[in-house]
> 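What follows is a structure written as structure tokens; I'll ask about it next.
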Amino acid sequence: MLALLGVLPLLTYPLLGYAVHPARPVFAPVRLALVRAALILGGGAVVLVELLSAGHALTLGPLALAWSGALVLAAAAAVWRYRRDGIRLAGIGERVAGPWRDASRIERITVVALAGLLVAELVLALGYPPNNFDSQTYHLPKIEHWVAQHDVRFFATRIHRQLSIAPGAEYLLLHLRVLTGGDLFYNLLQWSAGVACAVLASRIAGQLGGSGRAQLLAAFVVGTTPIVALEATSTQTDLVVAGWVACVATLVLDQVRRRTGPVDALLIGTAVGLTGLSKATGLLAAAPLLLIWLVAQVRLARGALPRRLPATALAGLGILAVAVVIAGPYVNRVDDSYGNPLGPPYLRDSISMQRHDPASVLVNALRIGQTAIQPPSTRVNGVTGSAVLHIARWVHVNPDDPKITFPDSHFPAVSWRPDEDHASFPVEAVLVLAGAAALLVRPRRAGVAEQVAVRAYAAAFWVTLLAYVATVKWQPWGNRLILFVFALGAPLAGLWLDAVLRRAAAARSGRRRAWRPAIATGLAAAMLAASGVAGWLAVGVGWPRRLVGTNSLFTESRMQARFNRRPEWLASYERAAAAVRASGAHRVGLVQEGNSWEYPWWVLLRGDTIVALQTLVPSLPAAKGNSVDAIVCAAPAAVCRYYLPRGWQLHMEPYQIGYALPPGRLPASQNGG
């Protein structure tokens, strides 16, 4: 029954989207309405979390009341909008059927393939429990701590990423957790973000002057990318930040030819704030996009600059203020806890580049590129990896220098397999890079009217990519971290592919150099087909969620699926949790290491209070061992024993999973373990 409350946000969204449908003529109004509704709900959800947290009231009652009120208000606004504008639903069928009727056979196949893929992802998202590694360690445990303490204040923990990694996606999941009492709908957030990335890629391509086919191609490139298809069924956060970046891009492009009003400034600020709160690297894309907005607004004010400058400045300050309202409270908590808004030194040193000389940036860029475009060929990848190593030696840079490499990582690394943490996307990456380069240098050849906007947008993509490779260290799982850059560039791939196909068709009709258009068309079709096949393979046999094969959705229980990454750990966790439950413990202490799986304890000991016996922040003291009824441990035995009260007995299961109980509570057969 409680799970039904989880549909409140799902019902509110379409009603709100209808209510905020743009009244004035604008490109792709339905897609813009979806963007507006997402930003209003996303920004409102974050602000609500902070407000309720301030009153220690993050509980079911206030959240259910808030979402019920939001549903009522959205419904009332939709009814008012319907009565005011007289919008009739009868015309929707024709608006959908018309483009479908006019589409070519290939375009229809493309639509069906993409739609089918999204449906298959939805099946996986609903059928699988969260089971990716990072979610077990820090994405989801932090939500459980918030639920337990009824606020989002920092807490004692051994895993610093539960505090120091931006929580934008988790703030949204927190609503689902409180409303439903579990994680049943968690994967829908990333799935929705993946759909949004495809939809917004199509809208951006159209805003840049692309045809309907260009828009479809942009959406297809995004939707069939293996890493996108894999992440769309998970509780990772990379698609969430990519979706917010795409929102910033499409809203900025809407303002290129008109003055920004208060509502538009509010929406752009919300998108920027949600981007920063979800993952700080997303701001690398937001910054050049905001520069485009600023230049466009100044150009529009030209001739009346002294009079209109205050309005432009006020809009800019409004964008900044809204972004600060959304992301500021969390950044302030980080600064208070670590003395730096960017987090603790060990986080900054592990992720941020500590060398910025041209040679180091070049080597970092080459490693990131090689990891992203790996094809399923060991021989080819060996050649490209060796080439990068040779270039690194030539420019006198150690490719595994800790100043430019994530700790304990070594280049090259295998990334072509369909795994959500590593999957490469060679076809899609080549299309994006080729399109971005061609449209920056020769936008006229794309045949679009918005040549200035196209060139500016392509420049923003390259600035974002350069900023990323100059500031973020190479890491084996970096392919998922650059998804926001990829989402920014996908519209350019759609525009470029459409231009290639159009020129090929024109050449064929004129019977000039017939072999060239045939090659161009064949190559484009082959790359799109390869992209589609790769996307479907990622959903069919990808890891750790798949439709067919061993450990598929239809061959294992939800608890088994939670441990797909480490199936050998399941029995140890279950035995330890069963012993703790049998002891009658209600307050359980937790001992673990920096990369331990904490979330399974919250699932297996649902209803118990779990508190950390370790802390990395001196101002956040850990619980004492004698204040709990039992202790669970995911660490070596020596570490576990260090935190045991005098006289407690420790029992270790395989794989460094254990539990400890007070004297007299441990079964005699396990005494002295």
> Salt bridge between Asp498 and Arg503, side-chain N to carboxylate O under 4.0 Å?
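Salt bridge between Asp498 and Arg503, a charged N being under 4.0 Å from a carboxylate O: no.
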> So Thr110 and Leu216, side-chain contact (heavy atoms from CB on, under 4.5 Å) or not? Walk me through it.
CA-CA 8 Å; Thr110 302; Leu216 175 59; 4.0 Å; yes
> Answer yes or no: is there a side-chain heavy-atom contact under 4.5 Å between Leu41 and Pro9?
no
> Could you grab the distance from atom CD1 of Ile268 to atom CD1 of Ile319, nearest 0.5 Å is fine?
4.5 Å
> Give, for atom OG1 of Thr224 and atom CG of Leu114, the distance between the pair rounded to the nearest 0.5 Å.
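Going from the OG1 atom of Thr224 to the CG atom of Leu114 covers 7.0 Å.
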> Just jot down the ring pair (Phe, Tyr, Trp, His ring centres under 6.0 Å) partners of Phe425, sequence neighbours excluded, or say none.
Phe486
> Quick one, Pro167 and Trp146 - any side-chain contact, counting heavy atoms below 4.5 Å?
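Of all side-chain heavy-atom pairs linking Trp146 with Pro167, at least one is under 4.5 Å.
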> Which residues satisfy the salt bridge (charged side-chain N to carboxylate O under 4.0 Å, His left out) test with Arg258, sequence neighbours excluded?
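Once residues adjacent in sequence are excluded, Arg258 has no partner under the salt bridge (charged side-chain N to carboxylate O under 4.0 Å, His left out) criterion.
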> So how far is it from Leu48 CG to Leu174 CG, rounded to the nearest 0.5 Å?
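Rounded to the nearest 0.5 Å, the CG-CG separation comes out at 9.5 Å.
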> Is there a side-chain contact (heavy atoms from CB on, under 4.5 Å) between Leu15 and Leu71? Walk through the geometry before answering.
CA-CA 8 Å; Leu15 291 170; Leu71 178 59; 3.7 Å; yes
> To check you understand the geometry: which heavy-atom pair defines the closest contact between Ala201 and Ala218, and what is its length?
O-CB, 3.7 Å
> Please examine the side chains of Arg84 and Val79, heavy atoms only from C-beta on, and report whether any two atoms are closer than 4.5 Å.
no
> Inspect the surroundings of CZ in Arg442 and state if more than 12 heavy atoms from other residues, nucleotides or ligands are less than 6.0 Å away.
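It does not: Arg442 CZ has 12 such atoms or fewer within range.
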> With a 4.5 Å limit on heavy-atom distance, are the side chains of Leu466 and Val469 in contact?
yes
> State, yes or no, whether a side-chain contact exists between Asp264 and Leu251 at a heavy-atom distance under 4.5 Å.
no
> Considering residues at least two apart in sequence or located in another chain, which fulfil the ring pair (Phe, Tyr, Trp, His ring centres under 6.0 Å) criterion with Trp477?
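Ring pair (Phe, Tyr, Trp, His ring centres under 6.0 Å) list for Trp477, sorted by chain: Phe406.
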> Which pair of non-hydrogen atoms, one from Ala315 and one from Ala265, has the smallest distance, and what is that distance?
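Scanning both residues completely, I find the closest heavy atoms to be O-CB, 4.0 Å.
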> Suppose we screen for ring pair (Phe, Tyr, Trp, His ring centres under 6.0 Å). Which residues come up paired with His139, at least two apart in sequence or across chains?
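Counting only residues at least two positions away or on another chain, His139 forms no ring pair (Phe, Tyr, Trp, His ring centres under 6.0 Å).
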> Using every non-hydrogen atom in the two residues, find where Pro62 and Leu52 come nearest and quote the distance to one decimal.
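Between these two residues, the closest heavy atoms are CB-CD2, 4.0 Å.
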> Does any part of the side chain of Pro491, heavy atoms only, come nearer than 4.5 Å to the side chain of Val221, both counted from C-beta?
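The answer is no, as the side chains (C-beta and beyond) never meet within the 4.5 Å cut-off.
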> Yes or no on side-chain contact (heavy atoms from CB on, under 4.5 Å) for Leu217 and Leu501, after CA distance, side-chain angles and deciding distance?
CA-CA 11 Å; Leu217 291 173; Leu501 295 174; 4.2 Å; yes
> For the residue pair Tyr18 and Tyr82, does the interplanar ring angle fall in the parallel (under 30°), tilted (30 to 60°) or perpendicular (over 60°) class?
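Geometry flag for Tyr82 against Tyr18: tilted rings.
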> Locate the shortest heavy-atom distance separating Pro226 from Ala534; write the atom from each residue and the value.
CG-CB, 3.7 Å
> Are Thr250 and Gln207 close enough that a side-chain donor and a side-chain acceptor fall under 3.5 Å?
yes
> Please list, one pair per line, the donor and acceptor atoms closer than 3.5 Å that link side chains of residues 23-34 to other protein atoms, with sequence neighbours excluded.
residue, atom, partner, partner atom, Å
Arg31, NH1, Ser202, OG, 2.9
Arg31, NH1, Gln215, OE1, 3.1
Arg31, NH2, Gln215, OE1, 3.1

> Quick one: CG on Leu294 to CZ on Arg299, what's the gap to the nearest 0.5 Å?
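Result: 12.5 Å between the selected atoms.
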> Of all residues at least two apart in sequence or in a different chain, which pass the side-chain hydrogen bond (donor to acceptor under 3.5 Å, both in side chains) check with Lys473?
Gln354
> If I take atom CG from residue Leu289 and atom CG from residue Leu283, how far apart are they, to the nearest 0.5 angstrom?
11.0 Å
> How many angstroms lie between atom CG of Leu267 and atom CD1 of Ile40, to the nearest 0.5 angstrom?
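If I round to the nearest 0.5 Å, the distance is 6.0 Å.
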> Would you tell me whether Gln236 and Glu231 have side-chain atoms, one donor and one acceptor, within less than 3.5 Å of each other?
no
> Output, in order, the C-alpha distance, side-chain angles, deciding distance and verdict of side-chain hydrogen bond (donor to acceptor under 3.5 Å, both in side chains) for Arg259 and Thr312.
CA-CA 8 Å; Arg259 302 286 298 164; Thr312 300; 2.9 Å; yes
> Using every non-hydrogen atom in the two residues, find where Ala229 and Gly535 come nearest and quote the distance to one decimal.
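Closest approach of Ala229 to Gly535, heavy atoms only: CB-O, 4.0 Å.
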> Do Arg36 and Thr270 come within less than 4.5 Å of each other through their side chains, counting heavy atoms only?
no
> Between Thr225 and Val427, is a side-chain contact (heavy atoms from CB on, under 4.5 Å) present by the stated rule, with each step listed?
CA-CA 9 Å; Thr225 300; Val427 172; over 6 Å; no
> Apply side-chain hydrogen bond (donor to acceptor under 3.5 Å, both in side chains) to Trp496 and list each qualifying residue two or more places apart in sequence or on a separate chain.
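With sequence neighbours excluded, Trp496 shows a side-chain hydrogen bond (donor to acceptor under 3.5 Å, both in side chains) to no residue whatsoever.
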> Not counting sequence neighbours, list each pair that qualifies as a ring pair (Phe, Tyr, Trp, His ring centres under 6.0 Å) and has a residue in residues 455-475.
Phe411-Trp474
> Between the side chains of Glu428 and Ser531, does any donor sit under 3.5 Å from an acceptor?
yes
> Please identify each residue that fulfils salt bridge (charged side-chain N to carboxylate O under 4.0 Å, His left out) with Glu50, with sequence neighbours left out.
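Glu50 satisfies salt bridge (charged side-chain N to carboxylate O under 4.0 Å, His left out) with Arg333 only.
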> Between Trp244 and Phe484, does the ring centroid distance fall short of 6.0 Å?
no
> Could you pull out all residues at least two apart from Arg161 that satisfy side-chain hydrogen bond (donor to acceptor under 3.5 Å, both in side chains)?
Asn595
> For Asn479 and Ser424, does a side-chain donor sit closer than 3.5 Å to a side-chain acceptor?
no
> Check salt bridge (charged side-chain N to carboxylate O under 4.0 Å, His left out) between Lys279 and all other residues, then give those that pass, not counting sequence neighbours.
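Asp238.
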> Is there a side-chain contact between Val152 and Val49 in this structure, where contact means two heavy atoms from C-beta onward sitting under 4.5 Å apart?
yes
> Please give me the minimum heavy-atom distance between Ala70 and Thr12, naming the atom from each residue.
O-CG2, 3.9 Å
> Around atom CZ of Arg444, are there more than 12 heavy atoms from other residues, nucleotides or ligands closer than 6.0 Å?
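Atom CZ in Arg444 is not packed in, count stays at 12 or less.
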> Quick test of your reading: applying side chain to side chain donor-acceptor pair (under 3.5 Å), list the pairs with at least one residue in residues 282-293, sequence neighbours left out, ordered by first then second residue.
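Passing the test, one end in residues 282-293: Thr260-Trp293.
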